[in-house]
Protein chains: 2
Amino acid sequence: MGGATKGRDVVPDATESSAPREGLSRTRVLRAAVDYADANGIESLTMRTLAAELGVVPMALYKHVANKDDLLDGMVEVIVGEIGPTPASGHWKPDVRRRVLAARAALLRHRWSQAVLESRAAMTAPMLGYLDSLVGLFVSGGLPIDLTHSVMHALGNRMWGFGEDLFAATPPSETESFNAQKDALPARFPNLAAIAAAAIHVDPESGRLTGCDSQAEFEFALDLVLDGVERLDVRDGKED
Amino acid sequence: MGGATKGRDVVPDATESSAPREGLSRTRVLRAAVDYADANGIESLTMRTLAAELGVVPMALYKHVANKDDLLDGMVEVIVGEIGPTPASGHWKPDVRRRVLAARAALLRHRWSQAVLESRAAMTAPMLGYLDSLVGLFVSGGLPIDLTHSVMHALGNRMWGFGEDLFAATPPSETESFNAQKDALPARFPNLAAIAAAAIHVDPESGRLTGCDSQAEFEFALDLVLDGVERLDVRDGKED
DNA sequence: ACCTGAACACCGTTCAAGT
DNA sequence: ACCTGAACACCGTTCAAGT
């Protein structure tokens with residue numbers, strides 16, 4: 001169909017249910033992938049099934065998506081984009097709480113998203129933007145930068161499955177626009193930059209620069225939980 | 001064993017580096033899979049590469065492992081088995097701390113294991129055994145069962161990426177010995193059974209039995225972290 | 001009882017070509 | 001510039017045999 005050669009705007013046939021046409025575009029591909037995963041589960045999303053869904057040959061997707069990893073990263077970006085802004089009061093505790101619960105709600109709307117996010121955790125721009133906004137709530141609420149750093153680690157596992165080092169997560173597909181604008185990152189994500197700057201210190205042993213101690217951060221978060229439970233226990237129970 | 005036809009013991013050639021022979025067995029397959037993933041990364045572990053490593057044809061593995069999922073479950077079992085016992089003082093806080101850190105150490109020894117564990121979280125017997133032991137430390141230390149339930153949820157995301165419902169995790173491959181001994185589970189894992197019993201209550205609305213409220217558990221854990229940080233902040237900072 | 005060989009129904013992705 | 005078609009190099013897994 002189409003007849004794109006001359007006529008202005010060929011009205012799409014609209015008889016076909018999953019109407020393709022009018023060119024793909026990256027966002028249309030990502031949107032379709034998210035919808036397909038919502039409906040059929042992430043495990044049955046393949047380049048081939050997605051192409052069929054869009055009424056197109058598999059290879060057509062590769063014009064808008066580098067490969068399947070890029071597709072998955074893009075799908076996560078879509079979900080993160082759905083988090084949206086939350087009202088801020090200037091008090092970090094209720095503000096952070098609201099924002100984390102909003103993030104959770106977005107993930108729950110797409111049940112496959114948590115698994116995908118955990119399996120890759122690529123630091124795409126929307127991802128960094130969300131984290132930066134969260135850090136911003138802490139610091140503008142007056143929490144010291146070091147404590148903010150640690151609580152971000154502690155929340156990491158809770159918001160999504162960040163196993164280890166928040167900042168050591170795999171950077172976005174390297175080759176992409178990332179390298180081009182790498183130097184612009186501190187400007188775009190000033191709160192993350194502040195944390196990174198505070199976390200870096202000189203190792204007295206080797207004299208080399210060293211990042212954050214993931215074992216220490218793990219124990220910090222663990223003790224936060226255990227101490228908190230202990231407090232709840234003595235308050236409700238023994239009352240001495 | 002070896003020359004099973006007649007001769008007593010055929011000495012293996014020993015010229016081949018990754019000496020196969022003497023029959024496979026499930027544990028030998030799992031052990032080899034763990035070693036291979038340690039050395040080459042989980043993404044390059046396939047039924048075919050593993051078979052080659054064992055000097056055997058791919059299909060030979062299927063006699064000892066139901067399929068690839070079962071292989072991955074088995075590999076996780078091996079890691080969980082490496083956690084081993086930890087000394088208990090009778091005070092839940094140091095005891096739990098020690099045990100969780102031991103679990104983390106086991107996972108860190110095999111860097112692929114966290115991702116595999118998160119991606120499936122099958123409730124195999126060793127898995128249940130570890131969780132039961134952890135619950136046991138809380139209850140024998142005197143922590144109330146409800147609080148123990150909640151802190152297990154809070155620790156869930158921390159020990160490994162359990163996103164949601166601890167007890168709603170996919171049960172072990174169904175068909176297996178699981179169903180056969182399903183009724184024996186409370187006896188084998190008494191502490192988990194106690195938690196499950198305490199968590200189930202009648203919904204006043206519908207009158208139906210209802211399990212634990214994962215949203216509430218999430219918020220409990222979130223507030224545990226936020227409250228803890230707030231306490232650290234006022235103690236170190238404002239001091240008013 | 002355990003292992004083999006060949007085949008099947010899939011993957012993601014490349015390459016050269018079409019319009 | 002965008003899409004196509006056919007092919008390649010892989011997967012996990014089945015089935016019917018071998019010993």
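Please read these numbers as outputs of a predicted model, since none were measured by experiment. Here is how names work: the chains are called A, B, and so on, in the same order as the sequence lines, proteins then strands, and each is numbered from 1.
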Rounded to whole Å, the CG-C1' distance (A:Leu72 to C:dC11) equals 14 Å
Output the rounded distance in Å from CZ (B:Arg48) to C1' (D:dT14). 12 Å
Out of B:Leu71, B:Ile79, B:Val78, which one pairs with B:Met75 under the side chain to side chain contact (heavy atoms under 4.5 Å, CB included) rule? B:Leu71
Hey, does the side chain of B:His64 come within less than 4.0 Å of C:dC3's phosphate (OP1/OP2), counting only N and O? yes
For the residue pair A:Leu54 and A:Ala32, what are the closest heavy atoms and their distance? CD2-CB, 3.7 Å
OP1 or OP2 of D:dC2 under 4.0 Å from side-chain N/O of A:Lys63: no
What is the distance, to the nearest angstrom, from the CD1 atom on B:Ile42 to the P atom on D:dC11? 14 Å
In whole angstrom, what separates B:Met59's CE from C:dC3's P? 12 Å
From the list C:dG5, D:dC3, C:dG12, which nucleotide is the closest neighbour of the side chain of A:Tyr62? C:dG12
Count the heavy atoms of every other residue, nucleotide or ligand shown that sit under 6.0 Å from CZ of B:Arg111, and state whether that count exceeds 12. no
Side chain of B:Asp132, backbone of B:Leu192: donor and acceptor closer than 3.5 Å? yes
Now, which nucleotide makes the Watson-Crick or G-U wobble pair with C:dA7, with each of the two distances under 3.5 Å? D:dT13
Closest to the B:Ala60 side chain: D:dT4, C:dC3, C:dC11? C:dC3
Classify A:Met47 by what it touches in the nucleic acid, base, sugar-phosphate, or nothing, heavy-atom distance under 4.0 Å. sugar-phosphate
What's the CG-P distance between A:Leu24 and D:dA1, to the nearest Å? 17 Å
Rounded interatomic separation in angstrom, taking NZ from A:Lys68 and P from C:dT14: 15 Å
Interatomic distance where CG belongs to A:Asp70 and C1' belongs to C:dT13 [whole Å]: 14 Å
Got a donor-acceptor contact below 3.5 angstrom from the A:Thr148 side chain to the A:Phe138 backbone? no
How many whole angstroms separate atom CG of A:Leu61 from atom P of C:dT14? 14 Å
